[in-house]
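This report refers to the structure that appears directly beneath it.
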Amino acid sequence: MILLLHSCQLGWTRDLDPELCESWAPDGVHPTVPDEQYFVYGPEQDCIHARDEYIPDTLRVGRYVEGQTLMLNPHVVTLDGEWETWDFSIDYPGAHRYRSFWEFMRSRFGKAAFPS
């Protein structure tokens, strides 16, 4: 379950959760994830192919509930200007990524709730 933050509570992950940033690169080294693995979305995506070097720059828009939160990634932007969305959880070893917040919402609540 993810609870969205109020707009006055939004913030950069590096400021709101520095421990998370440190845990993903404790020695300061970030393994490189090639584009061929990173830019796979949907059922074929492997959540371990998140670019952990992006974590400090993500915008936290959800708060941890049962170890899960939601972040927007300004490093990957659609042609429409939407930031990539990360569903981050302790339940899987990485982040499930979506091309946009819209795509995330449609995947969670169905296309009927969020028609094109």
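Only heavy atoms go into these numbers, but all of them, side chains included; no hydrogens, no water, no symmetry mates. Since we're looking at a predicted model, the values are computed, not measured.
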- Return the minimal non-hydrogen interatomic distance between F88 and G94, and the atom names on each side. CD1-O, 3.6 Å
- Query: Between P74 and W12, what is the shortest heavy-atom contact and its length?
  - Reply: CG-CZ3, 4.4 Å
- Looking at CG of L10 and CG of L59, how far apart are the two atoms once the value is rounded to the nearest 0.5 Å? 5.5 Å
- Message: In terms of relative ring orientation, are W86 and Y54 parallel, tilted or perpendicular, with 30° and 60° separating the classes?
- Response: tilted
- Message: Minimum heavy-atom separation for C47 and P93, please, with both atom names.
- Response: SG-CD, 3.8 Å
- Measure from the side-chain N and O atoms of T13 to the backbone N and O of D17, and report whether any donor-acceptor pair falls under 3.5 Å. no
- Cation-pi between R97 and Y38: NZ/CZ under 6.0 Å from ring centre and within 45° of the ring axis? yes
- Message: If you compare all heavy atoms of T58 against all heavy atoms of M71, which two are closest, and at what distance to 0.1 Å?
- Response: OG1-SD, 3.2 Å
- Task: Could you pull out the closest heavy-atom pair between D57 and R14, with the gap in Å?
- Result: OD1-NH1, 2.8 Å
- Where the side chain of E103 meets the backbone of R99, is there a donor-acceptor pair that is under 3.5 Å apart? yes
- Message: Using a 3.5 Å distance criterion without hydrogens, assess whether the side chain of T69 forms a donor-acceptor pair with backbone atoms of G62.
- Response: yes
- Task: Please test I55 against L20 for side-chain contact (heavy atoms from CB on, under 4.5 Å), starting from the C-alpha separation and ending with a verdict.
- Result: CA-CA 8 Å; I55 291 175; L20 174 67; 4.1 Å; yes
- Query: Is the F101 ring parallel, tilted or perpendicular to the F104 ring (thresholds 30°, 60°)?
  - Reply: tilted
- Would you tell me whether Q68 and D87 have side-chain atoms, one donor and one acceptor, within less than 3.5 Å of each other? yes
- Closest contact, heavy atoms only, W83 versus N73: CB-O, 3.4 Å
- Message: Under a 3.5 Å threshold, yes or no: a donor from one side chain and an acceptor from the other, between Y98 and Q45?
- Response: no
- Item | Note, Y41 side chain near H96 side chain (heavy atom, < 4.5 Å) | no
- Query: Do I48 and I90 share a hydrophobic cluster, counting only Ile, Leu, Val, Met, Phe, Trp and Tyr and linking them when any side-chain heavy atoms are less than 4.5 Å apart?
  - Reply: no
- Query: Does V40 reach the side chain of D46, with side-chain heavy atoms less than 4.5 Å apart?
  - Reply: no
